[in-house]
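Below you'll find the structure, written out as structure tokens, and then a few comments.
Each chain gets a letter, A, B and so on, in the order its sequence line appears, and its residues count up from 1.
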There are 2 protein chains.
Amino acid sequence: MSKTPQNQSASQVPGNFERPLTTVDVVIFAVLDDQLHVLLVKRNRDTGEPFPNRWALPGGFVDIEVDATLEACALRKLKEKTGVVSPYLEQLGSWGGKSRDARGWSATHAYFALIAIDAGIKPVSGANAVDAQWMPIAGSGVREPLAFDHKDILAAAVERLRGKVEYTSLPAFLLPKEFTLSELQRAYEIVLDRKLEKSAFRTRVLATDLVVEVPRFREGANRPAQLYKLRSQVKPVYFQRTFKPAGE
Amino acid sequence: MSKTPQNQSASQVPGNFERPLTTVDVVIFAVLDDQLHVLLVKRNRDTGEPFPNRWALPGGFVDIEVDATLEACALRKLKEKTGVVSPYLEQLGSWGGKSRDARGWSATHAYFALIAIDAGIKPVSGANAVDAQWMPIAGSGVREPLAFDHKDILAAAVERLRGKVEYTSLPAFLLPKEFTLSELQRAYEIVLDRKLEKSAFRTRVLATDLVVEVPRFREGANRPAQLYKLRSQVKPVYFQRTFKPAGE
DNA sequence: AAAATAGTGTCTCTTAGACACTATTCC
DNA sequence: GGAATAGTGTCTAAGAGACACTATTTT
């Protein structure tokens with residue numbers, strides 16, 4: 001209490017070793033079979049590490065030799081697992097405390113990513129399936145028990161995603177570069193887990209300049225559908241919110 | 001690249017010392033003189049630490065002997081500086097990298113807090129003024145240069161606050177327990193830095209059940225005003241958003 | 001009565017949702 | 001023509017903003 005905030009923990013100055021463990025975990029979402037999925041990895045068994053054989057979010061210790069920043073670390077882990085290099089990536093939050101990891105006081109920096117499953121994605125079937133797998137989201141998590149506090153982290157990610165979908169263009173990042181408005185609507189419906197009204201959806205999407213037409217159509221056993229792409233591949237669009245300015 | 005995520009950094013397993021420095025910083029907002037302010041502290045000079053004599057956000061190293069969780073650490077720092085024990089406290093995000101602190105790879109967990117300036121607040125005037133001070137927010141920061149990447153953190157906090165004000169009850173946490181609707185509107189206007197229309201504001205606030213009447217009035221040189229309190233002192237209210245469900 | 005702020009009522013305009021309608025392709 | 005999905009038009013209801021109005025206190 002009498003220490004000043006500037007140096008209240010002498011235990012952490014360089015040369016002393018009582019620093020928390022620092023990890024990064026990534027919640028990677030994708031749509032498969034018309035369902036929202038999250039990528040999980042299976043932890044090793046019999047290596048003396050906590051939670052052997054349990055499913056966990058992909059992640060691990062920050063490597064201070066390799067990772068220039070936390071975000072770079074998250075991108076590295078994402079790329080290692082999926083091959084994706086430019087996903088939608090957003091910081092989710094951090095979880096830290098003395099009891100979340102038996103090895104000591106630890107803090108994890110959690111990110112969440114949205115990717116589209118297409119030709120470029122590293123498959124996780126076959127030989128890989130034993131240690132990495134896409135799991136369907138049920139409610140605010142998955143059926144399997146998870147290591148550490150990853151259940152909380154996943155629930156926070158699902159909640160964040162669902163919340164933001166209400167007023168942003170996030171589901172577009174779950175689709176390939178070009179998509180139809182029906183496909184976009186379907187992505188919204190999958191994330192929100194409820195149906196949306198077609199007319200209102202299209203009006204709103206087109207009104208916000210979220211997408212631009214490309215001169216191509218999706219062909220099928222019916223009327224071809226106009227293809228669109230995101231106006232910006234990087235930044236999500238925020239729909240108009242409330243409390244408009246008032247006159248003086 | 002060939003290491004697995006589960007143990008890709010052997011440098012961090014207990015017994016080895018290459019762990020990032022871990023800090024917590026708190027962006028504490030309050031309204032003074034009808035203006036939004038943030039609490040800053042002045043860093044020591046001539047102690048060999050980085051950024052001597054610079055203004056910085058209150059914070060510092062996690063003390064793994066004292067702090068059970070990151071949030072507990074943030075609450076401790078807030079209490080030390082202001083005396084406030086039950087503020088509105090929200091995690092803002094984390095900033096980490098190899099070059100933000102000359103002492104080594106470091107990661108900070110940033111929180112933001114909203115408090116009401118009233119009788120219980122530790123004064124920072126007089127003798128304290130040299131090392132802690134309320135600074136007015138101008139634009140998305142303060143006029144003074146800040147230590148580390150605290151300018152970025154503060155800007156993110158201001159942006160988060162302004163963004164959330166559009167659709168939540170956050171400004172209520174900048175007021176004392178009991179307040180009038182005019183005072184609440186003023187708090188919104190201060191944070192948003194623009195005027196709001198009285199009738200629409202009142203309709204909306206009352207429609208959301210954000211506040212409940214208390215059987216008292218604010219007396220003045222005019223018609224007394226009904227006093228209200230928050231329905232919940234802890235959780236903010238989220239106003240209705242868009243994309244309502246559609247029929248099947 | 002004047003000043004000052006609290007609080008309400010009414011009108012308009014925008015937008016979302018409901019829902020039915022038209023359009024264009026394949027078979 | 002029928003099936004299937006794309007895409008549009010119209011009506012209604014709710015809510016925000018503009019703005020003027022009434023209400024209640026002190027001086």
key: Position toward the 5' end of DNA chain D (nearest nucleotide), Y228(A) or G220(B)   =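 Its nucleotide being nearer the 5' end, the pick is Y228(A).
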Over how many whole Å does the gap from [X] atom [atom1] to [N] atom [atom2] extend?
{"X": "Q226(A)", "N": "dT24(C)", "atom1": "CD", "atom2": "C1'", "answer": "13 Å"}
{"X": "R218(B)", "N": "dA4(C)", "atom1": "CZ", "atom2": "C1'", "answer": "16 Å"}
{"X": "F201(B)", "N": "dG9(C)", "atom1": "CZ", "atom2": "C1'", "answer": "19 Å"}
{"X": "E197(B)", "N": "dC11(C)", "atom1": "CD", "atom2": "P", "answer": "16 Å"}
{"X": "Y188(B)", "N": "dA16(D)", "atom1": "OH", "atom2": "P", "answer": "12 Å"}
{"X": "K195(B)", "N": "dC19(D)", "atom1": "NZ", "atom2": "P", "answer": "16 Å"}
{"X": "F179(B)", "N": "dA6(C)", "atom1": "CZ", "atom2": "P", "answer": "14 Å"}
{"X": "Q185(B)", "N": "dT5(C)", "atom1": "CD", "atom2": "P", "answer": "13 Å"}

task = Output yes when a side-chain donor or acceptor of R231(B) lies under 3.5 Å from a complementary backbone atom of D209(B), and no otherwise.
result =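 Present.
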inquiry  = Between Q185(A) (side chain only) and R202(A) (backbone N and O only), is there a donor and an acceptor less than 3.5 Å apart?
reply    =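 Checked: no pair found.
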query = Would one find a side-chain N or O of R202(B) under 4.0 angstrom from OP1 or OP2 of dG7(C)?
reply =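 Yes, because at least one side-chain N or O of R202(B) sits under 4.0 Å from OP1 or OP2 of dG7(C).
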query = OP1 or OP2 of dA6(D) sitting under 4.0 Å from any side-chain N/O of S182(A)?
reply =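 The answer is yes; a side-chain N or O of S182(A) sits under 4.0 Å from OP1 or OP2.
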key: More than 12 heavy atoms from other groups under 6.0 Å of CD on E159(A)   =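 Open.
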inquiry  = For Y188(A) and F201(A), take the angle between the two ring planes, folded into 0 to 90°, and tell me which bin it lands in: parallel under 30, tilted 30 to 60, perpendicular over 60.
reply    =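 The arrangement is perpendicular - the two ring planes meet at more than 60°.
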ask   = Which residue lies toward the 5' end of DNA chain C, A221(B) or S199(B), if each is placed at its nearest nucleotide?
value =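 With A221(B) and S199(B) compared, the 5'-side residue is A221(B).
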message = With no hydrogens and no angle check, just 3.5 Å: does a side-chain donor-acceptor pair link S94(A) and Q91(B)?
response =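 Yes.
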query = Considering only heavy atoms and no angle criterion, is a donor-acceptor pair shorter than 3.5 Å present between the side chain of E219(A) and the base of dC26(C)?
reply =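 Between dC26(C) and E219(A), which were checked side chain against base, a qualifying N/O pair under 3.5 Å is absent.
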Of the listed nucleotides ([options]), which one gets closest to any side-chain atom of [X]?
{"X": "N222(B)", "options": "dA18(C), dA6(D), dT25(D)", "result": "dT25(D)"}
{"X": "K198(A)", "options": "dG17(D), dT24(D), dT8(D)", "result": "dT8(D)"}
{"X": "P224(A)", "options": "dT24(C), dA6(D), dA16(D)", "result": "dT24(C)"}
{"X": "A225(A)", "options": "dA16(D), dG7(D), dA18(C)", "result": "dG7(D)"}

